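Source: prediction; values computed, not measured. Proteins get letters first, then strands, A, B, ... in listed order; numbering begins at 1 in each.
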Amino acid sequence: GNSVTQMEGPVTLSEEAFLTINCTYTATGYPSLFWYVQYPGEGLQLLLKATKADDKGSNKGFEATYRKETTSFHLEKGSVQVSDSAVYFCALTPGSARQLTFGSGTQLTVLP
Amino acid sequence: DAGVTQSPTHLIKTRGQQVTLRCSPKSGHDTVSWYQQALGQGPQFIFQYYEEEERQRGNFPDRFSGHQFPNYSSELNVNALLLGDSALYLCASSPKASRTDTQYFGPGTRLTVL
């Protein structure tokens, strides 16, 4: 079946540090890949997406590249801010279906 | 442009009761999906509606049912509530056209079953 495996959290960084959150997936066909962010007490917001191999999604300084050969979609940011503190979810939609399959989430805390 | 809205924000029920949650999709969207997010977990897909029919369903029992209205809004019904049904219930909307279209999420309804 389809699944997403995320780096275990929580992750604590100092402001301006480099961020990597690992995400690998198992899926049939050619999935689309997503990163969503959830701030405390809120729903999910799309952060970025990639729909085919070697695509790079980017938004607000965050980037992730769709790597089919390693079935990965790691999230990176060069310099995190306190306002980036949130839970980050990697997700996919497989083949022709449009239901999202999520990872378990990674809690990020950025300290000033 | 209003985003996805959900009501109520919070709800407390007791075991065995029934509950109805409501969702209005983003303007221009005709597809609604429902997800259950247990505390500390990622959301789990419950089902998806478009053209007023259930089109896809995740691994949830028949106690979970839904409906979509002609204006594309949707309801999630849960019968015979269990303690384990306590969770954040998220609604997401999207255009029907493509699987790559982004799903936009509402703020969720926090259900507590006592």
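No more than 12 heavy atoms of other residues, nucleotides or ligands sit less than 6.0 Å from atom CG of B/Asn59. Summarising the local packing, NZ of A/Lys68 is surrounded by more than 12 heavy atoms from other residues, nucleotides or ligands at distances under 6.0 Å. The environment of A/Glu16 atom CD is sparse: at most 12 non-hydrogen atoms of other residues, nucleotides or ligands sit within 6.0 angstrom. Around atom CD of B/Gln6, more than 12 heavy atoms belonging to other residues, nucleotides or ligands sit under 6.0 Å away. By the 6.0 Å contact criterion, CG on B/Leu39 is open, its count of non-hydrogen atoms from other residues, nucleotides or ligands being 12 or less. No more than 12 heavy atoms of other residues, nucleotides or ligands sit less than 6.0 Å from atom CZ of B/Arg15. Enclosure of atom CD in A/Glu8 is not indicated, since only 12 or fewer non-hydrogen atoms of other residues, nucleotides or ligands lie within 6.0 angstrom.
In terms of non-hydrogen atom pairs under 4.5 Å with chain B, the most contact-rich of A/Gln6, A/Gln107, A/Glu42, A/Gln38 is A/Gln38. Most heavy-atom pairs under 4.5 Å with chain A: of the set B/Gln103, B/Gln48, B/Gln41, this distinction falls to B/Gln103.
Summarising the geometry of A/Phe89 relative to B/Gln37, their closest heavy-atom pair is CZ-NE2, 3.3 Å, with the distance given to 0.1 Å. Residues A/Tyr36 and B/Thr102 approach most closely at OH-CG2, 4.1 Å, considering heavy atoms.
Looking at B/Tyr35, only its side chain comes within 4.5 Å of chain A, counting heavy atoms on both sides. B/Tyr50 touches chain A through its side chain: at least one heavy atom from C-beta onward sits under 4.5 Å away, while N, CA, C and O do not. Neither the backbone nor the side chain of A/Gln45 comes within less than 4.5 Å of any heavy atom of chain B.
In this structure, B/Phe45 and A/Phe102 have side chains that are not in contact, with every pair of non-hydrogen atoms separated by 4.5 Å or more. No side-chain heavy atom of B/Pro43 sits under 4.5 Å from any side-chain heavy atom of A/Leu100.
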